[in-house]
Amino acid sequence: MPTEAPKGENCLVDMDSKAGDLFGAEESHPTGTRGAGILSKLWLPKGFSVSMAKEWIDRRRVAIRPWATFVDQRKFSKPRNFGELCQRVVKNVEMFNSNYTFIFLGLILYCIISSPMLLIALAVFVGAFYIIHLKSLESKLVILGKQLTTPHQMGVAGAVSLPVFWLAGAGAAVFWVLGATLFVIGSHAAFRELEPSDMEELLMEPV
């Protein structure tokens, strides 16, 4: 007499099959041979990768200087002349470039969070680009006899969301971020004293 598997095992087998339909390695790409899972269409376009962005952030985090050293008030002083100011800016930008990058990203994040309309505009842009990209996967999108590549699709999405960005005052936000970044980074780089090793390197350079 054949034995039947317990109901618990049947349940596990059924759940595994469902998960296989949802997350398959082969099926994760919409052009795969068996891409029938729900998440198979949720993938980043070519050239965009979460792992690449994470790797870039990790590299920046490793190269970042301690924030206590970055804001140490004892290390700040007025440059004696224009030549010293230029030397400070060049060396400090080279030394604290990762810190400056995170300050820039923080200002962008603050600007977006503090402006609900800008958040809506970004959501419209991302949604438009994603819809256009999915449509291009189903069939080639051609405008004026030219197939839409990924940059073209981003351009179309930008054109669609442009009115929303205009209403959100995106232009003023961009100028605010750039102005605040130049002020903060420029002030720090100009008034932050150079490390002794940097001073020795400058003295050893041929005139």
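What you are looking at is a predicted structure, and each value in this text was computed from that prediction instead of being measured.
Closest heavy-atom contact between Val160 and Ala128: CG1-CB, 4.3 Å. The two residues Ala63 and Ser98 have their closest heavy-atom pair at CB-OG, 3.4 Å. Counting all heavy atoms, side chain and backbone alike, Ala121 lies closest to Ser161 at O-CB, 4.2 Å. In this structure, Ser114 and Pro116 approach most closely via the heavy-atom pair O-CD, 3.7 Å.
Ser77 places none of its side-chain heavy atoms less than 4.5 Å from the side chain of Phe191. For the pair Phe165/Leu122, a side-chain contact is recorded, criterion being any heavy-atom separation below 4.5 Å from C-beta on. Using a 4.5 Å heavy-atom cutoff, the side chains of Phe104 and Val177 are in contact.
Follow the hydrophobic side-chain contacts under 4.5 Å out from Ile185 and you reach Val71 in the same cluster. When hydrophobic clusters are built by joining Ile, Leu, Val, Met, Phe, Trp and Tyr residues whose side-chain heavy atoms come closer than 4.5 Å, directly or via intermediates, Met95 is grouped together with Phe102. By the criterion of side-chain heavy atoms lying less than 4.5 angstrom apart, applied directly or through intervening Ile, Leu, Val, Met, Phe, Trp or Tyr residues, Ile103 is grouped together with Phe183 in one hydrophobic cluster. Under a hydrophobic-cluster definition in which Ile, Leu, Val, Met, Phe, Trp and Tyr are linked whenever side-chain heavy atoms come within less than 4.5 Å, directly or via other members, Val174 and Leu182 are assigned to different clusters. Criterion: ILVMFWY side-chain heavy atoms under 4.5 Å apart, direct or through other members. Under it, Val164 and Phe129 are not part of a common hydrophobic cluster.
How far CD of Glu193 is from CD of Glu84: 8.0 Å, rounded to the nearest 0.5 Å. The CG atom of Leu178 sits 8.5 Å away from atom CD1 of Ile108, with the distance rounded to the nearest 0.5 Å. Note that CG of Leu119 is 7.5 Å distant from CD1 of Ile113, once rounded to the nearest 0.5 Å. Atom CG of residue Leu194 and atom NZ of residue Lys91 lie 8.0 Å apart, to the nearest 0.5 angstrom. To the nearest 0.5 Å, atoms CD1 (Ile64) and OG1 (Thr69) are separated by 11.5 Å. Atom CG of residue Leu105 and atom CZ of residue Arg60 lie 9.0 Å apart, to the nearest 0.5 angstrom.
Within 6.0 Å of OH on Tyr110 lie no more than 12 heavy atoms contributed by other residues, nucleotides or ligands. Heavy-atom neighbours of Arg65 CZ from other residues, nucleotides or ligands within 6.0 Å: at or below the threshold of 12.
Looking only at distances, no side-chain donor or acceptor of Ser115 sits under 3.5 Å from a matching main-chain atom of Ile112.
Aromatic ring pairs are classed by plane angle as parallel below 30°, tilted from 30° to 60° and perpendicular above 60°; the pair Phe70 and Trp67 is perpendicular.
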Go through the steps to decide whether Leu107 and Trp176 satisfy the test side chain to side chain contact (heavy atoms under 4.5 Å, CB included), and finish with yes or no. CA-CA 9 Å; Leu107 289 172; Trp176 182 88; 4.1 Å; yes
